[in-house]
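See below for the structure under consideration.
This structure is a prediction, so every number in the text was calculated from the model and none was measured.
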Amino acid sequence: MGSIPFLIIAVLMLGLLILVHELGHFITGRILGFKINEFSIGMGPKIFSKEKKGILYSLRAIPMGGFVAFEGEDDENDDPRAMNNMPWYKRAVVMFAGAGFNILFAFLLTAILVCSVGYYAPKLDSIDEKSSLYGIAQSGDIICEVNGKKLVSPNDFTIEIQKIDDNDDIELTVLRNGEQLKYKTKRYFDETENKYLIGIRYGYGVVNLNVFQSLGYSFRYNVWMTKTMYQTLGQLVTGKIGLEGVTGPISTIGAIGGMVEESANGEAVKELSAMDRIRQTVIMITELLVIISMNLAIMNLLPIPALDGFRLLFALIEGITKYHIPRKIEGIINAVGLIALISIMVILEISKLFVG
C-alpha cells in the first residue's frame, strides 16, 4: 500500500481515465442529438454547477471520474431525443464511445511515450563460440524482430523463439548503430545442457522511434495487450488461474499507489538524481495509465448488466431482430446487475483485508 501522496496520485489517475470514458459518451451523445441532463466531473456532493443550453455541468467533491445523465436511460419517455427513443445504431455508438475513448487515449499515450523515451527490446550481451552467430552478431545489437515478427514487449523474444522447432531456421532482425541487419541462425545441441540452444545471452536496450514509427508500435502494443487481457479473462472463466489477482477499486488504488511510490523512492532508483527519479515516475505513471485505460475499455465492453457492453448488446440485438426490448425490463436488469457488481467489489475488498 502506497503512502498518502501516492494514493492521491492513484485516485487522480483512475479519475482521469473514468473522465475520459465519460467524455466519450458525452461528446458522441451531443453529436448524435441525444438529450443530456447532466455532465459531472467527479462524484458525490456538488461543489459547483452551472446550466448551459439545457445541460447541467457540475463539479463534485470526490475526484473519481464523472458521469453523463442521459434523458430516458432506463424508462419510457416521450421526448424523441431520450436515449431509449433513439435508433439502435446511435445508442450502440454512444455505448461504445466510452470504451472507444479509453482505447484512443491508450493508443495516443503509448505513441507519445515511445516517441519521447523509446521502448525496451532484447540487447545482445554475449555470443557463445558454438553459436552460428559468433563473429557475425555483436554485443550491443538490439533484436527487434524474430522471423519477421516485430517484438512489442521485452518477453516477446522468448515467446517467439519457443514457437520455432529445434531444427528450423531462425531469422533475427537487429539494430546496430541505427542500421537494420538480418541474421539467420539455428539451434545447436549442447551436451552439457542436454538441450538445443541459440547460444546468446541478452539484457535489454532502448529502441528510439520517430513519430510515425511510434504510432505503428503503439498500434501493435495495444493489440498485443488486448489479446493478453482477453486471454487472462478466458483463463479466469475456465479456472486456469484463480481469483487471487482480481482486486476491487480500493485494492487497485493501493497497488497503483505502491507502484508509483516504488518508481519514485524504491531501492532501484535511490542512486539516481532527483530529475531522473521524477522522469522514472512520470514514465511509470504513463505506462500504468495506458494499461488501466485498456483494461477499463475491455471490462466495460463485457456483456454484463450495469456495464456498457450490456446496453451495447441490447442495441445490437434490436438492430438484428427489430424487436424493441421493453425499457423497464432493461432498466431492472441493469439495476440488479449494478447491485451485484457492487456486492462483488465489496466481497473482493473484504477478502483482501482478511485473507491478504
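Note on residues 120-149: no pairs pass ring pair (Phe, Tyr, Trp, His ring centres under 6.0 Å), not counting sequence neighbours. Pairs passing the ring pair (Phe, Tyr, Trp, His ring centres under 6.0 Å) check and including a residue from residues 135-155, sequence neighbours excluded, do not occur.
Taking CZ from F48 and CZ from R60, the interatomic distance works out to 13.0 Å, rounded to the nearest 0.5 Å. The distance from atom OH of Y188 to atom NZ of K195, rounded to the nearest 0.5 Å, is 10.5 Å. Put simply, CG on N147 and NZ on K182 are 10.0 Å apart, with the number rounded to the nearest 0.5 Å. With values rounded to the nearest 0.5 angstrom, L307 atom CG is found 11.5 Å from L312 atom CG.
Not counting sequence neighbours, D308 has no partner by the salt bridge (Lys or Arg N to Asp or Glu O under 4.0 Å) test. Scanning for side chain to side chain contact (heavy atoms under 4.5 Å, CB included) contacts around L56 gives E38, K46, S49, E51, with sequence neighbours left out. T158 pairs by the side-chain hydrogen bond (donor to acceptor under 3.5 Å, both in side chains) definition with Y202, not counting sequence neighbours. Among residues two or more places apart in sequence or in another chain, the salt bridge (Lys or Arg N to Asp or Glu O under 4.0 Å) test is passed with D125 by none. Shown here are the side-chain hydrogen bond (donor to acceptor under 3.5 Å, both in side chains) partners of S214, two or more places apart in sequence or in another chain: there are none. Taking the side chain to side chain contact (heavy atoms under 4.5 Å, CB included) definition, one finds that S132 meets it with T185, sequence neighbours left out. Every residue was checked against the side-chain hydrogen bond (donor to acceptor under 3.5 Å, both in side chains) condition with T226, not counting sequence neighbours, and none meets it. Looking at residues two or more places apart in sequence or on another chain, you find no side-chain hydrogen bond (donor to acceptor under 3.5 Å, both in side chains) involving K322.
For CZ of R176, the number of neighbouring non-hydrogen atoms (other residues, nucleotides, ligands) closer than 6.0 Å is greater than 12. Counting heavy atoms of neighbouring residues, nucleotides and ligands inside a 6.0 Å radius, atom CG of N177 does not exceed 12 of them.
Between K163 and E160 there is a salt bridge, since at least one side-chain N of the basic residue sits less than 4.0 Å from a carboxylate O of the acidic one. Using a 4.0 Å cut-off between charged side-chain N and carboxylate O, D190 and K130 make a salt bridge.
In plain terms, the two heavy atoms of I143 and L151 that are nearest each other are O-CD1, 3.7 Å. Considering all non-hydrogen atoms of both residues, K186 and D168 come closest at CG-O, 3.8 Å.
Alongside Y196, the hydrophobic cluster contains F189 (criterion: ILVMFWY side chains under 4.5 Å).
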Applying side chain to side chain contact (heavy atoms under 4.5 Å, CB included), run through D141 and L175 and close with a yes or a no.
CA-CA 6 Å; D141 286 350; L175 289 174; over 6 Å; no
Apply side chain to side chain contact (heavy atoms under 4.5 Å, CB included) to V282 and R279, showing your working.
CA-CA 5 Å; V282 171; R279 179 176 178 273; 5.8 Å; no
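Not a single donor-acceptor pair under 3.5 Å links the side chain of E22 to the backbone N or O of L19. Counting only distance, with no hydrogens or angles, the side chain of N85 and the backbone of D79 share a donor-acceptor pair below 3.5 Å. Remark: the backbone N or O of I127 is not paired with any side-chain donor or acceptor of S131 at under 3.5 angstrom. No side-chain donor-acceptor contact under 3.5 Å links N295 to the backbone of I291. R187 places a side-chain N or O within donor-acceptor distance of the main-chain N or O of D165, the cut-off being under 3.5 Å.
Both I8 and M284 belong to a common hydrophobic cluster when Ile, Leu, Val, Met, Phe, Trp and Tyr are linked at side-chain heavy-atom distances under 4.5 angstrom. Cluster annotation: F34 is connected to Y89 through the hydrophobic network of ILVMFWY side chains, with a link wherever side-chain heavy atoms come within less than 4.5 Å.
N208 and Y119 form no side-chain donor-acceptor contact under 3.5 Å, judged by distance and modelled atom types alone.
Annotation: side chain of F310 is in contact with side chain of I333 (closest heavy-atom distance under 4.5 Å).
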For residues 102-116, dump all side-chain donor-acceptor pairs below 3.5 Å to protein atoms at least two apart in sequence or in another chain.
from: N102; atom 1: OD1; to: H21; atom 2: ND1; distance (Å): 2.8
from: N102; atom 1: ND2; to: L17; atom 2: O; distance (Å): 3.2
from: N102; atom 1: ND2; to: S293; atom 2: OG; distance (Å): 3.4
from: T110; atom 1: OG1; to: A106; atom 2: O; distance (Å): 2.7
from: T110; atom 1: OG1; to: N222; atom 2: ND2; distance (Å): 3.4
from: S116; atom 1: OG; to: I112; atom 2: O; distance (Å): 2.7

